[in-house]
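Quick one: this structure, given as structure tokens, is what I'll be asking you about.
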Amino acid sequence: VQLQASGGGLVQPGGSLKLSCLAPGSVFNINAMGWYRQAPGKQRELVAAISRGGNTNYADSVKGRFTISRDSAKNTVYLQMNSLKTEDTAVYYCNAVIRLATGWTSLLDSWGQGTQVTVSS
């Protein structure tokens, strides 16, 4: 199963980007979806998740700046990123997710290539 993340690029601090992730219907229609990011030398972290019903969760570091959404007609999940900071620089990935007692966890072993977001002046 391959998820295709796109929309990354180079942006100045304070700028905006919108990421997209196209998923197979077999994955998208039955799962919550999440956006992760991994900065150089750091562990991959979940930044936002959205349930099938549209309930959202965000990491504290992106609350108020990032918005996750999903379009069932297109099997696509989006991440609107505003007021970007240099510390948002990372490769961004999407995955199906599930919320356990211990927190959110990814479901698919394959992460795809991700999309690079670089915030720099």
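As the structure is a computational prediction, the values presented were derived from the model and not from experiment.
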| Taking all atoms of both residues into account, what is the closest heavy-atom pair of Leu79 and Val47, and its distance? |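 The pair with the smallest heavy-atom distance is CD2-CG2, 4.3 Å.
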- Mind listing the closest non-hydrogen atom pair of Asn95 and Ser106 along with its distance?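 For Asn95 and Ser106, the tightest heavy-atom pair comes out as ND2-CB, 3.6 Å.
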Next on the checklist: Can you list everything that forms a side chain to side chain contact (heavy atoms under 4.5 Å, CB included) with Gln113? Sequence neighbours excluded, please.
Outcome noted: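 Applying side chain to side chain contact (heavy atoms under 4.5 Å, CB included) to Gln113 gives none.
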Q) What residues, two or more places apart in sequence or in another chain, satisfy ring pair (Phe, Tyr, Trp, His ring centres under 6.0 Å) together with Tyr92? A)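 For Tyr92 there are no ring pair (Phe, Tyr, Trp, His ring centres under 6.0 Å) partners, ignoring immediate neighbours.
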Could you state the interatomic distance from CZ (Arg70) to CG (Asn75), rounded to the nearest 0.5 Å?
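It comes to 9.0 Å.
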Inset, instruction - Write out all pairs satisfying salt bridge (Lys or Arg N to Asp or Glu O under 4.0 Å) with one or both partners inside residues 75-95, taking only residues at least two apart or from two chains. - result: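 Salt bridge (Lys or Arg N to Asp or Glu O under 4.0 Å) check on residues 75-95 returns Arg37-Asp88, Arg65-Asp88.
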Spacing of Ile68 atom CD1 and Cys94 atom SG [to the nearest 0.5 Å] |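 So the CD1 of Ile68 and the SG of Cys94 are separated by 9.0 Å.
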For the student: nearest non-hydrogen atoms of Lys74 and Thr76, plus distance: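 Taking Lys74 first and Thr76 second, the nearest heavy atoms are O-OG1, 2.8 Å.
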For Thr118, give me all partners under side-chain hydrogen bond (donor to acceptor under 3.5 Å, both in side chains), at least two apart in sequence or on another chain.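 Once residues adjacent in sequence are excluded, the partners of Thr118 under the side-chain hydrogen bond (donor to acceptor under 3.5 Å, both in side chains) criterion are Gln116.
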- prompt: Who else is in Leu46's hydrophobic cluster (ILVMFWY, side-chain heavy atoms under 4.5 Å, direct or via others)?
  reply: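 Tyr36, Val91, Tyr93, Val97, Trp104, Trp111, listed by chain and number.
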Next on the checklist: Taking side-chain hydrogen bond (donor to acceptor under 3.5 Å, both in side chains) as the definition, give me every residue that meets it alongside Asp109, ordered by chain and number, with sequence neighbours left out.
Outcome noted: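 For Asp109, no residue satisfies side-chain hydrogen bond (donor to acceptor under 3.5 Å, both in side chains) once neighbours in sequence are set aside.
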For this session: Scan for side chain to side chain donor-acceptor pair (under 3.5 Å) pairs involving residues 46-57, sequence neighbours excluded, and state none if there are none.
Result: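 Sorted result for residues 46-57: empty, none.
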For residues 5-30, tabulate all N or O donor-acceptor pairs below 3.5 Å that involve a side-chain atom, not counting sequence neighbours.
unit_1 : atom_1 : unit_2 : atom_2 : d
Ser16  : OG     : Asn82  : OD1    : 2.9
Asn29  : ND2    : Gly25  : O      : 3.1

Could you tell me which residues satisfy side-chain hydrogen bond (donor to acceptor under 3.5 Å, both in side chains) with Asn31, sequence neighbours excluded, listed by chain and number?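 Residues passing side-chain hydrogen bond (donor to acceptor under 3.5 Å, both in side chains) with Asn31: none at all.
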Practice task
Return each pair, listed once, that meets ring-ring contact (aromatic ring centres under 6.0 Å, His included) where at least one residue sits in residues 54-76; pairs must be two or more places apart or across chains.
Solution key: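 Qualifying pairs: none.
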request  = Show which residues join Tyr78 in its hydrophobic cluster (side-chain heavy-atom contacts under 4.5 Å, direct or indirect), or state none.
outcome  =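 Other cluster members: none.
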| Mind checking what makes side-chain hydrogen bond (donor to acceptor under 3.5 Å, both in side chains) contact with Gln4, not counting sequence neighbours? |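 side-chain hydrogen bond (donor to acceptor under 3.5 Å, both in side chains) check on Gln4 returns nothing, list empty.
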